[in-house]
Amino acid sequence: MKGIRQLAEHLDISIGTVSRALNGKKDVNEDTRRRVLEAAERLGYVANQSGRALRKGSTGVIGFMMQTGHEITGQGDTFFMSVFDGVQTVFARHGLDLVALLCSSEEDPDAYLERVVARGFADGIMLSATRRVDHRFTLLDRRKIPFVSLGRSLTDVGQPFIDLDFEGMATRVMTRLATRGHRRIAVLRPHDDLNLGHVFLERCRAVLAEHGLVLEDDLIFNAAPNEAGGYRIGQDLARHSNRPSAIVVLNDGSVTGLFHGLEAAGLTPGKDIAVIGLHSPQARYLSPRLTCFDLSLRDLGIALAETLLASMPAYAALYPNAAHRQLWPMTLIDGDSG
């Protein structure tokens with residue numbers, strides 16, 4: 001059974017009556033309603049969701065835009081799958097569905113989102129991988145599409161966001177290393193123009209200046225967010241003519257490779273060079289134990305979903321206490337690496 005017209009013809013009842021019966025309208029008598037529902041179940045009738053969405057003016061779908069590509073490993077997937085679990089926990093309360101919008105790293109993200117928006121299949125959008133200047137914000141604002149960003153940007157249209165507290169991380173890690181006598185501290189940041197790299201470096205420079213130190217340009221490394229990228233930086237550190245005594249890694253996917261790269265060059269993390277990074281499932285098996293920053297990704301997903309719904313008129317009254325903008329705290333876990 002492909003549609004309501006066929007169901008109505010089968011029952012010899014008007015399409016309007018069948019529609020009202022299927023939607024529980026009170027002006028349909030019980031015998032007719034029973035006939036319609038029994039026939040729909042027996043014949044395998046499936047409602048045309050596109051038609052319903054058009055009539056309701058909503059789709060019941062929220063899109064989460066994220067980047068994919070050959071340089072992004074399963075570790076990145078682990079991060080987002082945990083976030084998605086929290087997001088869908090909230091959306092399930094309202095019968096909303098989460099759809100991952102996978103933008104290849106080889107495609108322009110602005111053009112990709114333009115195409116998604118033109119199709120009009122999502123009631124709201126969740127953005128990740130926010131750039132220093134991010135035109136996606138102005139696009140969604142111009143089209144009046146509710147959205148929340150996981151991350152900030154210099155592009156600001158007043159949208160809600162939740163960002164990891166990279167300023168707080170920079171303050172704690174640089175203070176920790178400086179007070180422990182480290183004078184040449186390196187940073188391994190994302191290799192693209194993600195805003196988090198800029199935010200972190202700005203705060204690092206400010207904190208080090210308070211200790212009379214400088215973040216040297218030649219100690220700012222860029223690498224792909226995977227083990228291969230981390231391994232390469234480990235090798236580069238070993239060959240450095242004036243090797244730093246500590247490095248902070250901003251991507252969880254690079255930490256394991258960095259450890260292996262250092263070890264392959266004869267250096268011991270935590271002994272020859274202090275290493276502090278972000279927690280990942282793989283990091284728990286590193287030796288020495290990684291000193292790292294951790295957070296509840298599921299709780300982050302719940303907060304993201306509630307923040308988005310609080311900006312949507314149909315759900316705003318249900319989430320009066322949702323934060324409009326928030327820096328999400330991370331917990332420092334002491335290990336033996338730094």
Side-chain angles (χ1 to χ4, degrees), residues 1-66 80-102 112-127 139-148 159-160 298 301-322:
M1 181 65 65
K2 292 184 179 181
I4 194 170
R5 181 181 298 277
Q6 290 88 342
L7 182 59
E9 290 174 353
H10 174 80
L11 292 168
D12 195 23
I13 300 176
S14 72
I15 293 176
T17 298
V18 171
S19 175
R20 292 196 300 278
L22 290 171
N23 286 287
K25 300 298 183 181
K26 295 180 180 180
D27 60 348
V28 179
N29 71 60
E30 287 305 313
D31 286 342
T32 301
R33 187 191 318 281
R34 178 182 50 76
R35 284 185 60 208
V36 170
L37 295 178
E38 288 178 353
E41 181 176 0
R42 184 174 67 255
L43 298 173
Y45 164 76
V46 178
N48 184 326
Q49 296 300 327
S50 297
R52 283 190 170 186
L54 187 62
R55 290 189 296 274
K56 290 170 59 181
S58 64
T59 65
V61 171
I62 304 294
F64 194 115
M65 182 175 171
M66 56 183 289
F80 282 108
M81 289 306 295
S82 298
V83 172
F84 289 166
D85 180 49
V87 169
Q88 192 56 46
T89 295
V90 176
F91 287 170
R93 302 170 192 165
H94 310 287
L96 297 171
D97 292 313
L98 176 67
V99 173
L101 304 173
L102 307 179
Y112 176 87
L113 187 59
E114 284 270 12
R115 192 166 69 247
V116 168
V117 167
R119 289 175 177 158
F121 83 98
D123 298 333
I125 297 290
M126 310 178 92
L127 297 176
L139 166 64
L140 293 174
D141 181 61
R142 187 172 65 250
R143 298 293 292 270
K144 306 300 181 185
I145 298 174
F147 74 100
V148 63
Q159 82 292 338
R298 187 175 187 275
I302 289 172
L304 273 171
E306 292 183 346
T307 296
L308 174 62
L309 293 182
S311 72
M312 301 173 68
Y315 307 101
L318 301 174
Y319 298 97
N321 299 319

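Heavy-atom minimum distance, D97 versus Q88: C-OE1, 4.0 Å. Here the shortest heavy-atom pairing between V90 and A305 reads CB-CB, 3.6 Å. Considering every non-hydrogen atom in both A322 and A310, the closest pair reads CB-CB, 3.7 Å.
Put simply, OH on Y319 and CG on L308 are 10.5 Å apart, with the number rounded to the nearest 0.5 Å. With rounding to the nearest 0.5 Å, the separation of CE in M65 from CD1 in I125 is 9.0 Å. Here the CD1 atom belonging to I62 is positioned 12.0 Å from the CG atom belonging to L304, to the nearest 0.5 angstrom. A distance of 10.5 Å separates CZ of R115 from CG of L101, quoted to the nearest 0.5 Å. One distance of note links CZ of R143 with CG of D141; it measures 12.0 Å at 0.5 Å rounding.
Using a 4.5 Å heavy-atom cutoff, the side chains of M312 and H94 are not in contact. Contact annotation: the side chain of R35 approaches that of I13 to within less than 4.5 Å [non-hydrogen atoms, C-beta and beyond]. Between Q159 and V148 the shortest side-chain heavy-atom distance does not fall below 4.5 Å. You'll find the side chain of L43 stays beyond 4.5 Å of the side chain of Q6, heavy atoms only.
Among pairs with a residue in residues 306-316, those fulfilling side chain to side chain donor-acceptor pair (under 3.5 Å) read R93-E306, at least two apart in sequence or across chains.
Under a 3.5 Å cut-off, the side chain of R33 and the backbone N or O of V28 do form a donor-acceptor pair. Of the possible polar contacts, one joining the D123 side chain to the G60 backbone as a donor-acceptor pair under 3.5 Å is found.
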Going through the checks in order, is the side chain to side chain contact (heavy atoms under 4.5 Å, CB included) test met by D27 and R20? CA-CA 8 Å; D27 60 348; R20 292 196 300 278; 3.2 Å; yes
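Scored by the side-chain hydrogen bond (donor to acceptor under 3.5 Å, both in side chains) test, N321 finds no partners at all (sequence neighbours excluded). Not counting sequence neighbours, the partners of R298 by the side chain to side chain contact (heavy atoms under 4.5 Å, CB included) test are D85, T89, S296, I302.
Considering L37, T17, V18, L11 in turn, T17 is the only one that fulfils the side chain to side chain contact (heavy atoms under 4.5 Å, CB included) rule with T32.
Shown here is R5, whose CZ atom has no more than 12 heavy atoms of other residues, nucleotides or ligands within 6.0 Å.
A salt bridge between R34 and E38 is present, with a side-chain N of the basic residue lying under 4.0 Å from a carboxylate O of the acidic one.
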